[in-house]
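Below is one structure, written out as structure tokens; comments come after it.
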Amino acid sequence: MAKYYSNFATDVLQQELMKEIDPSITLVKKEFQEIFEKMIKKDPCLYWDRAVFIQTRDILEKIYKDMQDPISLSDLAVDNFIMGYNSYCQLTETILDLQHFNLSVEIKTRLYRIPTYTALVESCMSNFLRTIAAFLGKATGKDYTKQQKLGPLLEVMKSNGLTEIAQRIDVNIRNAINHGKISLQKTPQDEINFFYMEQGTAKVKKIPVYEFDSIIDSTYDAVSAVLLAIVVFMNRHITVANEEYSKGNYTAFALLAMHISLPGIVCQSISDIPDKKQINIEVSVKNTDQSYLAMLSFEICMTIFSIYNDYEQYMISFQNPRLGMCWARYKKEELSLVLDDLKNMRIIYENAIKRSEFVYFKPDNENIDLNEVKYFCFPNYESDTIKINQIADASVQDRKRLKANVFVGDISDKKEIMAAIDEAITWLKCVKNPPCAKFPHKYGDMEADALYINVYHKDTRRDKALLPSNANFICFLDYNLNGCTTLLHGGLTVAVWAKLYHEKNNKYDIAWRESKYITRTVTKVGANDSCPCGSGKKFKKCCKGKGIYD
């Protein structure tokens, strides 16, 4: 087993679980260490509903004790648990990110409140209830597999004594979201109107926004409690999830990822490439030291190799908010050598570096506000003449660079188009960009060094291709404060750049869709000279005959 397990005090976690959750927890299986740690230490997981937890745990235990023979859950039931847990992890991050984010009531309701409540009851709770229903069905001899929808699943819970769960879920709100209508009514306390049908009668439920926030919180706490009850039960009776890690399917990979995970070392996913070419492991880490990650990459890959030893390559990538690209890839033969003799580890590590298959970019330790990085939003701009959106940062250490889309309307006169572009650049070059957590770059409200702009007539969902055939596209513009571009063709591919008509205008390098906009030059270009467009081809093989340089 991997050495990194020995660095975690399982006995301390077990004592905390006995104190905070259940005094009968005398053993903590590796699959559930990271989940248990969340439930006693991580906000908002630690606010699980105790009444829901106790009732769910007790009923599962009672049914298990009353069985004549121990049973194992079906693959489908374990799949449901894994899907519910993966959704729960994603929603936890969503809640942490957006619960206190400063948005207008309307936008926050659409972007956060409604999707979060829906995902809690549909993706999390429904999957956990399917897992419980499968267990109840095997214990009682009833077929609950057809009960896949939330309403019938809640009825199954109530009929088996799990009333606390049923009380925490408002099916009518879910029905209004999925099948009815929702509107926000501006009142002193702001109300959300949920319209739905109940037994053929149209109804509406009016809930103040602050109260709906409380409903979301209590629903999340109920979901946390059900998850915790299932995990406590499975930790005690692991045979109920009798899944073999070596099966190589979704469930086996997901359980193995849980088995590998520890607080501070969380395996996000395990997947593979067909024909046994490669197995991929994604791990989130707190410690970003290079030597630590190098050793960890070996230990985790060796753990995977001990179960799946028939893949050609084993690739592991590490993630951290402050960590840039970091990954390692080892060959099957190399891991076999390490398995035989740990002394080979250093040699294999050095070989991986030589063939560029251990990649590590040192984290940026600049003192920056990580919340500013996470929550930063570029503004949009709109005037009587232009519209600017889709602003993105492309800055590097010594150059502030921004990308954007600019829309100028129905104008077709070059002077008017250039005036609109000038207005866009005047505004864009002063837009503040955020710091980067992973590598140092130029940021702030100083003037931009470079701008890369796609210019269109209208802002439509389609017609954004930078091609001569797209009549909505006008030009691509590479603006540089010092007049000299440092990015060939502004980052466009040679194939795209070569199809457009090019013009240098002071600080602008412009690639027009139509030749009518270019200012023709009298410079004579020989047929065998390098094409002025910069494609690297001879003039006769590139832009000759297009009316750009001849």
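A quick note: this is a predicted structure, and the numbers were derived from the prediction, not measured. Just the heavy atoms: all of them, side chains too, but no hydrogens, waters or symmetry mates, feed the values below.
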Mind checking what makes side-chain hydrogen bond (donor to acceptor under 3.5 Å, both in side chains) contact with D58, not counting sequence neighbours?
none
Does the structure place the NZ or CZ of K181 under 6.0 Å from the centre of the six-membered ring of F195, at an angle of no more than 45° from the ring's axis?
yes
Salt-bridge contact E191-K186 (side-chain N to carboxylate O under 4.0 Å)
no
Ring centroid separation Y117 to F212 under 6.0 Å
yes
Aromatic contact between F135 and F233, with the criterion being ring centroids under 6.0 Å apart: yes or no?
yes
Quick check: closest heavy atoms across F378 and K432, and the distance to 0.1 Å?
CE2-O, 3.3 Å
Residues Q14, T26; criterion side-chain hydrogen bond (donor to acceptor under 3.5 Å, both in side chains); working and verdict
CA-CA 7 Å; Q14 185 256 326; T26 57; 5.7 Å; no
If the test is ring-ring contact (aromatic ring centres under 6.0 Å, His included), which one of Y330, F305, Y308 qualifies with Y314?
F305
Shortest non-hydrogen contact from A166 to L154?
CA-CD2, 4.0 Å
Less than 6.0 angstrom separating the ring centers of F101 and Y375, yes or no?
yes
Can you say whether the rings of F439 and H441 are parallel (under 30°), tilted (30 to 60°) or perpendicular (over 60°)?
perpendicular
Nearest heavy-atom neighbours spanning I192 and T109
CD1-CG2, 3.9 Å
Between R329 and E357 (side chain of the first, backbone of the second, donor and acceptor by atom type, cut-off under 3.5 Å), is there such a pair?
no
Any heavy-atom pair between the side chains of M325 and S317 that's under 4.5 Å?
no
Does F361, at its CZ atom, have more than 12 non-hydrogen atoms belonging to other residues, nucleotides or ligands within less than 6.0 Å?
no
Do Q33 and T10 get their side chains close enough for a donor-acceptor pair, meaning under 3.5 Å?
yes
Salt-bridged, R168 to E164, with N to O below 4.0 Å?
yes
CD1 (I82) and CG (L255) are apart, to the nearest 0.5 Å, by 4.5 Å
For the CD atom of Q278 and the NZ atom of K331, what is their distance to the nearest 0.5 Å?
10.0 Å
Checking side-chain contact (heavy atoms from CB on, under 4.5 Å) for the pair S87/N127: CA distance, chi angles, key distance, verdict?
CA-CA 9 Å; S87 180; N127 275 310; 5.8 Å; no
Return yes when atom NE2 of H100 has more than 12 non-hydrogen atoms of other residues, nucleotides or ligands closer than 6.0 Å, and no otherwise.
no
Assess whether salt bridge (Lys or Arg N to Asp or Glu O under 4.0 Å) is satisfied between R174 and E122, documenting all intermediate values.
CA-CA 9 Å; R174 192 288 308 267; E122 295 287 3; 2.8 Å; yes
Would you say K403 has more than 12 foreign heavy atoms packed within less than 6.0 Å of its NZ?
no
Student check: side-chain heavy atoms of F194 and N175 closer than 4.5 Å:
no
Is there a donor-acceptor contact under 3.5 Å linking the side chains of T163 and Q55?
yes
Return the OH to OG distance between Y144 and S159, rounded to the nearest 0.5 Å.
4.5 Å
Rounded to the nearest 0.5 Å, what's the gap from NZ on K29 to CG on N235? Could you check?
5.5 Å
If every non-hydrogen atom of P44 is compared with every non-hydrogen atom of T92, which pair is closest and at what distance?
CD-CG2, 3.8 Å
If you measure from the Lys or Arg side-chain nitrogens to the Asp or Glu carboxylate oxygens, is any gap between D310 and K332 under 4.0 Å?
no
Nearest 0.5 Å, please: how far is CZ in F81 from CG in N86?
9.5 Å
As a quick check of understanding, evaluate side-chain hydrogen bond (donor to acceptor under 3.5 Å, both in side chains) for Q268 and E282, giving each step before the final call.
CA-CA 5 Å; Q268 303 286 0; E282 294 186 6; over 6 Å; no
Heavy-atom pair with the smallest gap, counting every atom of N320 and K438:
O-CE, 3.8 Å
So which heavy atom on S395 is nearest to which on D393, and how close?
OG-OD1, 2.6 Å
Classify the ring geometry between Y88 and Y220 as parallel (under 30°), tilted (30 to 60°) or perpendicular (over 60°).
parallel
To the closest 0.5 Å, what do you measure between CD (E299) and CD1 (I260)?
11.5 Å
N389 and N380: CA distance, side-chain angles, deciding distance, side-chain hydrogen bond (donor to acceptor under 3.5 Å, both in side chains) verdict
CA-CA 5 Å; N389 59 30; N380 292 328; 5.7 Å; no
Quick check on Y47: does its OH atom have over 12 non-hydrogen neighbours (other residues, nucleotides or ligands) under 6.0 Å away?
no
Counting only heavy atoms not in M18 (residues, nucleotides, ligands), do more than 12 fall under 6.0 Å from its CE?
yes
Ring center gap for Y196 and H179 short of 6.0 angstrom:
no
Taking the basic N atoms (NZ, or NE/NH1/NH2) and the acidic carboxylate oxygens, is any pair closer than 4.0 Å for K42 and E93?
yes
Evaluation steps, salt bridge (Lys or Arg N to Asp or Glu O under 4.0 Å), between D43 and K38:
CA-CA 8 Å; D43 183 8; K38 281 182 182 177; over 6 Å; no
Using side-chain hydrogen bond (donor to acceptor under 3.5 Å, both in side chains) as the criterion, list what pairs up with K158, not counting sequence neighbours.
E155
Charged N-O contact under 4.0 Å between D459 and K464
yes
In sequence, state the C-alpha distance, the side-chain angles, and the governing distance for L46 and M39, and then conclude on side-chain contact (heavy atoms from CB on, under 4.5 Å).
CA-CA 5 Å; L46 57 83; M39 292 301 176; over 6 Å; no
Decide, yes or no, whether a salt bridge links E198 with K203 under the criterion of side-chain N to carboxylate O below 4.0 Å.
yes
Would you sort out whether R50 and E20 count as a salt bridge (Lys or Arg N to Asp or Glu O under 4.0 Å), showing the intermediate values?
CA-CA 11 Å; R50 186 163 292 274; E20 301 292 337; 5.6 Å; no
